[in-house]
Amino acid sequence: MAASSRQSSAPRPRSLRARRLRGLFAAVLLVPSLAGAWGPQGHRLVAALAWDDLTPEVRAEIATLLTGEADPTLPGVANWADQLRENDPDLGRRSARWHYVNIAEHGCEYDAATACRGGDCVVEAINAQAAILGDRSQPLEARRQALKFVVHFVGDVHQPMHAGYGHDKGGNDVQIRMPGDSAEGKGSNLHRLWDSGLLNTAGLDDDAYLQRLRALPLAVGHDSDARDWAEASCRVATRPGVYPAKPRIGESYIRDWLPVAEAQLRRGGSHLAALLGDALGG
């Protein structure tokens, strides 16, 4: 649902930086709520970062699998899974629960029997689709679909709210207000803030954001699989301060948490590259 664009009656900001942030916050509030993690730009960034780390052999196989797509690149298909509700409603319904897993109530420890009954969560979806992708006996169309799911779901699992609390639907039920948001106007929610609101405050296009993310150092070592990625994301979602003490957030929240969101994108790209290398490199 689009947020209100009514003007705020708050005092004018005192600095150029504050004016710029206010304008960006207003732009964020006009963006429709998104079902999938990171919003379209975030998913494209994860895919592009992964492409950087792939071998020529894996890139060639991906190019073959994506032949015939409207945009036959990893970033070009990164948001396909979020578009299924409109383009393939039946598959969209069947895969709706594959975008997230709720483990914050369980101390951020993943147990498939309780958190992923029937395999309907992002952890098992990544595992299942990666297996299809790596199985060269599968039909080309099945492997192409699996690739598109994998690219999207690895992005999803690195968005902290997609591995957070079930009781508030991953922050969707936590209402927040940005600077410039009038008291009677419509606000946003915590999930949407982490999907796209934090990234939008940077005001960067994909190329500029990729340069920024590529410059970030990667932590030593790599988490091994989708379970580890979900648990790590959950630990971010449950850090003190991620849930703001008051509904109205300000510049300090962006300053504290935008670098965390960017680090998650960077890790997502690295983990996606490793998964694709394992599935297609043999």
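On a predicted model such as this, the values are computed, not experimentally measured, just so you know.
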Nearest-0.5 Å distance that lies between atom [atom1] in [X] and atom [atom2] in [Y]:
X: R97; Y: N102; atom1: CZ; atom2: CG; result: 7.5 Å
X: H271; Y: D53; atom1: NE2; atom2: CG; result: 11.0 Å
X: L65; Y: T67; atom1: CG; atom2: OG1; result: 8.0 Å
X: I254; Y: L199; atom1: CD1; atom2: CG; result: 10.0 Å
X: N127; Y: C121; atom1: CG; atom2: SG; result: 8.5 Å
X: R143; Y: R136; atom1: CZ; atom2: CZ; result: 5.5 Å

Ring centres of H99 and H162 under 6.0 Å apart? no
Taking side chain to side chain donor-acceptor pair (under 3.5 Å) as the test, write out the residues that go with R266, two or more places apart. none
With a 4.5 Å limit on heavy-atom distance, are the side chains of [X] and [Y] in contact?
X: L45; Y: R212; value: no
X: L190; Y: M161; value: yes
X: V260; Y: V242; value: no
X: L74; Y: V46; value: no
X: Y209; Y: E262; value: yes
X: R94; Y: L91; value: yes

Check whether [X] reaches the backbone of [Y] with its side chain - one donor and one acceptor, N or O, closer than 3.5 Å.
X: N79; Y: D82; result: no
X: T201; Y: L198; result: yes
X: R227; Y: Y110; result: yes
X: R192; Y: G197; result: no
X: Q175; Y: P247; result: no
X: S95; Y: W98; result: no
X: R144; Y: P139; result: no

Nearest heavy-atom neighbours spanning [X] and [Y]:
X: A273; Y: A50; value: CB-O, 3.5 Å
X: A226; Y: V157; value: O-CG2, 4.2 Å
X: A130; Y: A279; value: O-CB, 4.1 Å
X: A237; Y: Y243; value: O-CE1, 3.7 Å
X: I176; Y: P244; value: CG2-CG, 4.2 Å
X: W38; Y: A261; value: CH2-O, 3.6 Å

As a quick check of understanding, evaluate side chain to side chain donor-acceptor pair (under 3.5 Å) for Q41 and R44, giving each step before the final call. CA-CA 5 Å; Q41 184 182 46; R44 292 194 303 268; 5.8 Å; no
Partners of [X] by side chain to side chain contact (heavy atoms under 4.5 Å, CB included), sequence neighbours excluded?
X: R214; value: L49, D52, L210
X: E105; value: Y165, H167
X: T73; value: D71, P75
X: V154; value: I126, V150, H158, W229, L272, L275

Applying side chain to side chain contact (heavy atoms under 4.5 Å, CB included), run through C116 and V123 and close with a yes or a no. CA-CA 8 Å; C116 197; V123 173; 5.6 Å; no
Evaluate D111 against H106 for side chain to side chain contact (heavy atoms under 4.5 Å, CB included), listing each step before the verdict. CA-CA 9 Å; D111 176 63; H106 306 287; over 6 Å; no
Tell me if the CZ atom of R117 is crowded by more than 12 foreign heavy atoms within 6.0 Å. no
Path from I132 to L66 over hydrophobic side-chain contacts below 4.5 Å: no
With ring pair (Phe, Tyr, Trp, His ring centres under 6.0 Å) as the rule and sequence neighbours excluded, what pairs involving residues 62-94 come up? W80-F149
Intermediate values then yes/no, side chain to side chain contact (heavy atoms under 4.5 Å, CB included), D156 and H43: CA-CA 8 Å; D156 277 346; H43 278 290; 3.2 Å; yes
Any chance the side chains of Y100 and Q159 put a donor and an acceptor closer than 3.5 Å? no
Output, in order, the C-alpha distance, side-chain angles, deciding distance and verdict of side chain to side chain contact (heavy atoms under 4.5 Å, CB included) for L147 and L276. CA-CA 9 Å; L147 173 60; L276 293 175; 3.7 Å; yes
